[in-house]
Asker: 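Please see the structure below; I have some questions.
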6 protein chains.
Amino acid sequence: MATVKLWTDAEVESNPRAKAIFDDIRVVRKSDFVNNFWRALANQSELLERTWASIKQVMFTPSTLDPLTKELIYIAVSTANGCSYCVHSHTAAARAKGMTDTQYAEFLAIAGMASETNALANAMQIPVDTEFMVSS
Amino acid sequence: MATVKLWTDAEVESNPRAKAIFDDIRVVRKSDFVNNFWRALANQSELLERTWASIKQVMFTPSTLDPLTKELIYIAVSTANGCSYCVHSHTAAARAKGMTDTQYAEFLAIAGMASETNALANAMQIPVDTEFMVSS
Amino acid sequence: MATVKLWTDAEVESNPRAKAIFDDIRVVRKSDFVNNFWRALANQSELLERTWASIKQVMFTPSTLDPLTKELIYIAVSTANGCSYCVHSHTAAARAKGMTDTQYAEFLAIAGMASETNALANAMQIPVDTEFMVSS
Amino acid sequence: MATVKLWTDAEVESNPRAKAIFDDIRVVRKSDFVNNFWRALANQSELLERTWASIKQVMFTPSTLDPLTKELIYIAVSTANGCSYCVHSHTAAARAKGMTDTQYAEFLAIAGMASETNALANAMQIPVDTEFMVSS
Amino acid sequence: MATVKLWTDAEVESNPRAKAIFDDIRVVRKSDFVNNFWRALANQSELLERTWASIKQVMFTPSTLDPLTKELIYIAVSTANGCSYCVHSHTAAARAKGMTDTQYAEFLAIAGMASETNALANAMQIPVDTEFMVSS
Amino acid sequence: MATVKLWTDAEVESNPRAKAIFDDIRVVRKSDFVNNFWRALANQSELLERTWASIKQVMFTPSTLDPLTKELIYIAVSTANGCSYCVHSHTAAARAKGMTDTQYAEFLAIAGMASETNALANAMQIPVDTEFMVSS
């Protein structure tokens with residue numbers, strides 16, 4: 001159902017810029033599996049390169065937040081934005097990084113609760129307490 | 001600019017159901033400060049009670065996810081939903097629970113990156129890889 | 001803070017197309033008050049005319065849904081879309097059409113609950129039951 | 001395509017907490033049909049119990065808003081949040097509670113119109129009229 | 001998976017108001033193809049007529065913005081709103097109006113970038129510079 | 001009302017990484033004005049550098065889409081995402097790049113129309129026509 005062609009591995013062989021990124025994805029993620037997101041981006045080399053460079057920096061370099069926490073933040077944003085693809089791919093990634101059923105249940109409860117209070121605060125247009133402001 | 005009255009502490013004195021919840025909020029959060037969200041909900045006792053019961057369960061009972069991770073998930077959802085009030089209150093809560101500037105910078109990078117790839121996946125309507133599906 | 005000029009009544013006097021719409025708004029709504037939404041649209045006559053024609057048709061002609069129900073649907077959409085202006089204006093309209101504090105509390109509870117279950121269904125990517133489908 | 005297992009009736013037999021909720025759902029909704037939303041939540045007992053308790057309270061206890069109006073508000077929020085599952089399930093529920101084709105057509109017109117004016121107000125960043133504010 | 005019946009050409013023959021609109025769609029778009037959006041709206045004549053009248057005015061009358069730019073704006077809104085149907089139909093329309101692969105890649109980069117900075121600005125709740133305000 | 005400090009020019013003098021980016025912003029945009037978005041990002045050097053590099057690439061390098069079209073896409077996304085800051089800054093940028101009042105009126109009409117049909121398509125869950133799919 002995509003609006004673009006999804007590049008197979010065979011087709012990527014003839015696309016050097018995409019090939020280089022696919023190779024790096026496999027090395028960095030330590031897996032031969034390259035998911036459809038990258039196969040779709042292979043249509044636009046510059047965007048593929050810049051998006052992977054950012055993902056690699058944000059999600060795969062050592063950081064103070066641990067890898068699972070980072071995936072949970074990613075799923076939270078994707079859920080609220082209604083991105084079916086991203087919810088699927090990052091929930092799978094969270095599981096691969098050790099997310100337990102209990103942690104997932106806790107995540108769901110928070111995501112649901114946040115959405116509910118977001119709606120309440122937006123519906124009542126509650127003014128921000130001055131205690132919460134850092135600068136004005 | 002709220003669409004409802006915000007109850008002061010003096011007014012809550014004459015509202016026993018709200019008073020009981022405000023008291024419990026102060027005990028559970030170990031702080032005398034009760035923010036505007038609860039002062040707005042004081043107009044509807046049943047909703048105030050049910051919302052606080054859920055928040056207390058989801059955010060303040062021992063869990064496998066640590067308190068800061070839970071706040072980061074909350075801010076992520078609130079950011080994507082565009083809830084100004086909730087972003088302010090939970091960013092302040094995250095800081096109170098020890099979020100460092102480095103952690104916040106990492107959080108922002110993930111929230112921004114997720115939003116970007118959400119847009120790309122939604123724009124290209126990328127089909128979900130079968131590898132990501134648990135049931136159909 | 002608008003990105004456009006807001007037309008005062010004096011200025012509208014020199015803008016015949018806007019003047020005609022403002023006059024009709026006052027007649028249909030039985031009130032001299034014309035809110036900022038229309039004062040902003042006065043910059044683009046065609047859009048002002050088409051928007052008012054649609055609002056008049058949808059919100060002010062006799063229908064099987066009663067006027068308060070229509071406003072509640074309007075606030076629900078505006079809340080989920082995070083439109084501060086629309087939440088304010090249609091909550092005021094709902095009150096003008098008789099919304100009680102109890103009805104508003106019930107509305108808030110539904111809007112909050114729906115947002116919570118939306119997040120849960122989107123997070124778990126729950127497949128639609130075939131029982132719910134009318135056509136495929 | 002779910003990210004979680006959907007529990008069949010046979011499997012729920014071995015899950016007492018889920019079984020108790022499924023039984024109550026059948027009693028309260030006066031129907032043997034339990035839709036996928038609950039079969040997904042059966043993976044996390046606490047969330048299943050709390051979500052059903054809230055839905056039962058908000059949607060199935062006597063209220064000043066009638067049952068159809070409540071479903072229309074639910075569909076409105078779900079539409080704006082882009083929750084395919086929730087739109088399907090609550091549109092079916094609205095029909096089961098008597099929504100006519102004419103009422104549905106009126107609902108669609110309001111949801112569409114609200115979304116349009118939400119976009120216009122957000123694009124022009126129209127300041128809220130002081131007449132609409134209850135507190136500041 | 002629709003919540004409504006999709007009208008076939010044969011069925012539309014017995015629905016004069018829908019038939020008149022379908023005829024006009026074919027004339028204005030210079031194509032015999034009528035997509036599902038209109039087949040769904042055929043259930044509600046008034047909404048079908050008003051929606052087509054607006055689309056015809058906004059998208060098919062001569063304007064200072066060229067036809068491709070208009071489609072790109074349409075896809076941008078649809079992407080951010082997570083409307084799968086609209087993303088598909090307007091991306092196809094953009095291609096029919098001459099969108100090249102390079103232009104599409106540029107569009108995707110902007111839509112992704114805007115979503116990222118939207119999240120950053122919303123997360124940090126950055127105050128609007130006075131230089132950007134036209135009126136207050 | 002920000003959740004972070006906004007760096008003044010004087011403070012940026014003692015922050016070499018931010019200083020280098022601010023200098024480049026001034027050169028590339030040919031203006032001494034640096035808006036609050038960048039003053040907020042100055043708190044996190046890596047994110048500031050990566051965000052500016054992307055914006056510079058996407059918005060300021062020669063492309064097949066003209067500068068005004070790019071700003072209109074940016075405003076469209078920002079409007080749908082409810083990002084007040086971004087709507088303000090990019091509407092100002094569009095005006096600086098020559099957007100006329102007529103073009104802005106046309107933009108608003110499209111953004112409003114798209115939002116309306118997004119809601120209709122999402123509410124009726126209209127299945128995508130096979131004619132619109134590029135791959136599956």
Side-chain angles (χ1 to χ4, degrees), chain E residues 1-4 6 33 35-37 40-41 47 51 54-55 57-59 63-65 69-70 72-74 76-86 88-92 100 102-103 106-107 109-111 113-129 131-133, chain F residues 1-4 6 33 35-37 40-41 47 51 54-55 57-59 63-65 69-70 72-74 76-86 88-92 100 102-103 106-107 109-111 113-129 131-133:
Chain E
M1 55 182 249
T3 65
V4 295
L6 301 176
F33 176 60
N35 55 307
N36 285 343
F37 181 72
L41 279 176
L47 185 57
T51 304
S54 289
I55 283 279
Q57 161 90 31
V58 172
M59 298 301 281
S63 57
T64 55
L65 297 177
T69 296
K70 291 160 85 166
L72 293 175
I73 295 167
Y74 218 112
V77 170
S78 303
T79 296
N81 281 335
C83 181
S84 172
Y85 185 85
C86 312
H88 271 292
S89 60
H90 287 276
T91 302
T100 64
T102 302
Q103 288 173 318
E106 290 172 2
F107 165 81
I110 300 165
M113 193 74 227
S115 301
E116 180 168 16
T117 58
N118 288 179
L120 294 175
N122 277 343
M124 293 188 284
Q125 292 286 306
I126 303 171
V128 177
D129 307 71
E131 286 83 349
F132 294 150
M133 301 180 187
Chain F
M1 56 181 247
T3 66
V4 294
L6 302 176
F33 176 59
N35 54 308
N36 285 342
F37 181 72
L41 280 175
L47 186 57
T51 305
S54 289
I55 283 279
Q57 161 91 32
V58 173
M59 299 301 282
S63 57
T64 57
L65 296 177
T69 296
K70 291 160 84 166
L72 293 175
I73 294 168
Y74 218 112
V77 170
S78 303
T79 297
N81 281 335
C83 181
S84 171
Y85 186 85
C86 312
H88 271 291
S89 59
H90 287 276
T91 302
T100 64
T102 301
Q103 288 173 318
E106 290 172 1
F107 165 82
I110 299 166
M113 193 73 227
S115 301
E116 180 168 18
T117 59
N118 287 178
L120 294 175
N122 277 344
M124 293 189 285
Q125 291 288 304
I126 302 171
V128 176
D129 307 71
E131 287 84 348
F132 294 150
M133 301 179 189

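Below, chains carry the letters A, B, ... as their sequence lines are ordered, and counting in each starts from 1. Atoms considered below: every heavy atom in the structure, side chains included; atoms not considered: hydrogens, waters and symmetry mates. Bear in mind that the values here come from a model prediction, so they are computed numbers and not experimental data.
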Asker: Given a strict heavy-atom distance threshold of 4.5 Å, which part of E:Glu116 is in contact with chain F: side chain, backbone, both, or neither?
Answerer: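 Just its side chain gets close to chain F.
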Asker: If I measure from the heavy atoms of chain F, does E:Ala119 come under 4.5 Å with its side chain, its backbone, both, or neither?
Answerer: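 No part of it gets close to chain F.
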Asker: First locate atom CD of F:Glu106, then atom NZ of E:Lys70, and finally report the distance between them rounded to the nearest 0.5 Å.
Answerer: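 Answer rounded to 0.5 Å: 6.0 Å.
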Asker: As an exercise, state the distance from CG of F:Asn118 to OG1 of E:Thr79, rounded to the nearest 0.5 Å.
Answerer: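 If I round to the nearest 0.5 Å, the distance is 9.0 Å.
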Asker: Which atoms of F:Gln57 are under 4.5 Å from chain E, going by heavy atoms: the side chain, the backbone, both sets, or neither?
Answerer: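 F:Gln57 has no heavy atom closer than 4.5 Å to chain E.
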Asker: Counting heavy-atom pairs under 4.5 Å with chain E, which one of F:Ser115, F:Ser89, F:Gly82 comes out on top?
Answerer: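 Of the candidates given, the most pairs with chain E belong to F:Ser89.
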Asker: Looking at E:Ala109, E:Ser63, E:Ala40, E:Ala92, which has the largest count of heavy-atom pairs under 4.5 Å with chain F?
Answerer: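 Among the listed options, the one with the most contacts to chain F is E:Ser63.
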Asker: Please name the pair of heavy atoms, one in F:His88 and one in E:Phe132, separated by the smallest distance, quoted to 0.1 Å.
Answerer: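 Minimum heavy-atom contact is ND1-O, 3.7 Å.
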Asker: Hey, could you give me the NE2/OG1 distance between E:His90 and F:Thr117, rounded to the nearest 0.5 Å?
Answerer: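 The distance works out to 5.0 Å.
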Asker: For F:Phe107, enumerate each residue passing the ring pair (Phe, Tyr, Trp, His ring centres under 6.0 Å) test, keeping only those at least two apart in sequence or located in another chain.
Answerer: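 Scan of F:Phe107 (ring pair (Phe, Tyr, Trp, His ring centres under 6.0 Å), adjacent residues dropped) gives none.
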Asker: Nearest 0.5 Å, what's the SG-CG distance between F:Cys86 and E:Leu120?
Answerer: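 Answer rounded to 0.5 Å: 8.5 Å.
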Asker: Can F:Tyr85 and E:Asn122 be counted as having a side-chain donor-acceptor contact under 3.5 angstrom?
Answerer: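 Judged by distance alone, the side chains do not pair up.
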Asker: Under a 4.5 Å heavy-atom cutoff, which of F:Ile55, F:Leu47, F:Leu41 has the most pairs with chain E?
Answerer: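 Winner by heavy-atom pair count: F:Ile55.
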Asker: Please identify, among E:Leu65, E:Thr51, E:Leu72, E:Thr102, the residue contributing the most non-hydrogen atom pairs under 4.5 Å to chain F.
Answerer: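 Max contact count across the listed options: E:Leu65.
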Asker: Please confirm whether the backbone N or O of E:Pro127 pairs with a side-chain atom of F:Asn36, one donor and one acceptor, at under 3.5 Å?
Answerer: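 Yes; judged by distance alone, with no hydrogens or angles, the pair exists.
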Asker: Hey, could you give me the CD1/CD1 distance between F:Ile110 and E:Ile73, rounded to the nearest 0.5 Å?
Answerer: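 Here the rounded value is 4.0 Å.
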